[in-house]
Chemist: 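Pasting a structure below so you can have a look.
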Amino acid sequence: MLTFAVAAALCFGSLLRTRYIEDADSRRGLAAFLLLSGGWALAHVGYLTAPTPATQYALYVVGLVVGFAAVGPWLYFCSAYTGRSLHQNPTVRWIAISVLLAIIALKVTNPLHGQYFTTELTSTPFPHLVIHHGPLHWVVMGLAYALAFIGFFILFELFAQVSYDTKPLFGVVLLTGLPVSLDVLGATTQYLLPLTYSPLGVAAFAVGVFYVYLERFEAVHLTGETDNPMILLDANRNVHDWNRAAQQLFPALTESRGEPLSIAVPSVGESSNERDSILELDRHGQTRYYRMTVNPFSANSTRLGRLVTFTDISHREQYRQQLERQNERLERFASIVSHDLRNPLSVAKGRVELALEEGTQQEHLEPASAALDRMGELIDELLTLARTGQQIDDTETVQVRDIALNSWKMVDVPEASLMVDDEFDVSVEADPERFQQLFENLFRNAIEHGGADVTVMVGGLDETGGFYIEDNGAGIPAEVREEVFEPGFSTTEQGTGFGLPIVREIVEAHGWTIHVAEAADGGARFEVRTDSSR
């Protein structure tokens, strides 16, 4: 009797602490479970201490009804806590109520059919009403335990998902099963009274789950209700818990419990000290961007530590970077339009005015026509530069040798010559049209700076798998090699300064890099390195 009283007191005493559970449905479910579990144990205290057999009988039946009814709040809590909606489903509710009413009817009408239990008066070891369980008792008990284990499985699935230690949960489940053996002993031996000891197991389970996990209920609930990677840090900012998504993002977490986050996950670095930051991570060979948010975390009025959340913002960040590049390009275009086009426009305007004033049209209109041609050339190159800055969508595998040979056919300078390394056999994933434009501009650049009889050579870069284009011209001075890709920069008066910027835009649009060097015989050498070469 004392054991049942203690179990009831523990359940009722735990009710006060349920107010610290923030989720309303979880709080209601667990509170009702504790209340009914304590009520079942208290009913058994009344059954054992009631002065008359009729009162003992009534209290025992009340305990049976309350005990089976406790299964409902338990499943309600498990559904709410794990983020499911079963407890809110009207159909599920009606089925649960119908089953409960049917079981209550079987228990209340036991005097009519006698299949649930039978009774007899005894004075050993004290005067009380002895209960002999019938077949329906064991069937209903089996149903109750089966339903209870559904809730346990739901909890276990969530805890496993967030990598939370499930051993204590298994421990309290074992407490639930122990009274079943007491029931069997009571029904088959003389060592125990033949009554239901399940209230002890259910009360121990309710209190055990509550006290073992209360301090971490909100942590598990938060990390389990989202697919975003989440890491829970303790008060010392050491790794305490994480969910499955975080472990997939940072495999090193497996052996990092208790370590500082910056040591366990070096890629995070000192960002964990900031409330909001952007991380750039390599995921399966691709660059991904995550917004790392660090927020204080508390439960039961106690500051537990910090909750670190990682949100994948790769598409947004890549779009932002693309907009930044486009804005920079627009600024360069505006500078070019205001500067490079202004000079030929002024020349053409001035010559036309002089022609109108003096009437000597031939002398002034020819320079004006040349200035307008220059403007047309600049505009064409500017439009080309704008288009080459667009993202590459459709690519295919192309042979670099074939593209180089086709591009050379577009160069109408008979005195110039192209030499391709016989062992050159490199293929890349590229937009063929844009790729050919890259070669054409580099060939024209070589002819423009190296002369009509320049020799251009194309070959592979053994150390990277990329390729190079070089010539035997005068080369590019070392001090201006970083400037040749800037729009409008040219070392000759005839050059537009757009050819090499167009080359760079095409290279970067493919995700490659280009480097200017000196050829073996002193000419210009352009090295293109790409991870897609093979």
Chemist: Is any side-chain heavy atom of Val398 less than 4.5 Å from a side-chain heavy atom of Val428?
Modeler: yes
Chemist: Which heavy atom of Ala50 sits nearest a heavy atom of Leu59, and at what distance?
Modeler: CB-CD1, 4.1 Å
Chemist: Measuring from Leu136:CG to Ile103:CD1, what's the distance to the nearest 0.5 Å?
Modeler: 8.5 Å
Chemist: Where do Pro432 and Ala430 come nearest, in terms of heavy atoms and distance?
Modeler: CD-O, 3.3 Å
Chemist: Measure the shortest side-chain to side-chain distance between Phe526 and Val503 over non-hydrogen atoms and say whether it is less than 4.5 angstrom.
Modeler: no
Chemist: Say whether, by atom type as modelled, one donor and one acceptor occur between the side chain of Glu527 and the main chain of His515 under 3.5 angstrom.
Modeler: no
Chemist: Quick check: closest heavy atoms across Ala246 and Leu253, and the distance to 0.1 Å?
Modeler: O-CD1, 3.6 Å
Chemist: Quick one: does any side-chain atom of Trp40 pair with a main-chain N or O of Gly63 as donor and acceptor, under 3.5 Å?
Modeler: yes
Chemist: What heavy-atom pair brings Cys78 and Gly151 nearest, and what distance separates the two atoms?
Modeler: SG-O, 3.4 Å
Chemist: For Tyr290, which residues count as a side chain to side chain donor-acceptor pair (under 3.5 Å) partner, sequence neighbours excluded?
Modeler: none
Chemist: Does some side-chain heavy atom of Arg291 sit less than 4.5 Å from a side-chain heavy atom of Thr309?
Modeler: no
Chemist: Roughly how far apart are Ile150 CD1 and Leu86 CG, rounded to 0.5 Å?
Modeler: 10.0 Å
Chemist: Do Val139 and Leu143 have side chains that get closer than 4.5 Å, going by heavy atoms?
Modeler: no
Chemist: Under a 4.5 Å cut-off applied to non-hydrogen side-chain atoms, are Phe310 and Ile231 in contact?
Modeler: yes
Chemist: Mind listing the closest non-hydrogen atom pair of Thr49 and Val45 along with its distance?
Modeler: OG1-O, 2.8 Å
Chemist: Name the orientation class of the two ring planes belonging to Phe467 and Trp512 (parallel below 30°, tilted from 30 to 60°, perpendicular beyond 60°).
Modeler: perpendicular
Chemist: Can you check whether Val239 reaches Leu233 side chain to side chain, under 4.5 Å on heavy atoms?
Modeler: yes
Chemist: Have a look at Phe68 and tell me which of Val140, Ile104, Leu36, Leu106 forms a side chain to side chain contact (heavy atoms under 4.5 Å, CB included) with it.
Modeler: Val140
Chemist: Report yes if the side chains of Asp425 and Val400 come closer than 4.5 Å at any heavy-atom pair, otherwise no.
Modeler: no
Chemist: Hey, are the side chains of His510 and Leu438 touching, using non-hydrogen atoms and a 4.5 Å cut-off?
Modeler: no
Chemist: From Ile506 CD1 over to Ile514 CD1, what is the distance, rounded to the nearest 0.5 angstrom?
Modeler: 9.5 Å
Chemist: Would you confirm whether Thr395, through its side chain, and Glu429, through its main-chain N or O, come within 3.5 Å as a donor-acceptor pair?
Modeler: no
Chemist: In Å, rounded to the nearest 0.5 Å, how long is the span from CZ of Arg28 to CG of Leu35?
Modeler: 15.0 Å
Chemist: Enter the distance from Arg320:CZ to Ile313:CD1 here, rounded to the nearest 0.5 Å.
Modeler: 8.5 Å
Chemist: Taking Ser79 for its side chain and Leu75 for its backbone only, find out whether a donor-acceptor pair lies under 3.5 Å.
Modeler: no
Chemist: Under 3.5 Å, is there a donor on one side chain and an acceptor on the other for Ser314 and Arg288?
Modeler: yes
Chemist: May I ask you to decide if the ring planes of Tyr116 and His137 are parallel, tilted or perpendicular, using 30° and 60° as cut-offs?
Modeler: perpendicular
Chemist: Using salt bridge (Lys or Arg N to Asp or Glu O under 4.0 Å) as the criterion, list what pairs up with Glu518, not counting sequence neighbours.
Modeler: Arg481
Chemist: At what distance, to the nearest 0.5 angstrom, does CZ of Arg504 lie from OG1 of Thr513?
Modeler: 13.0 Å
Chemist: Which label fits His87 and Tyr76: parallel for a plane angle under 30°, tilted from 30 to 60°, or perpendicular past 60°?
Modeler: perpendicular
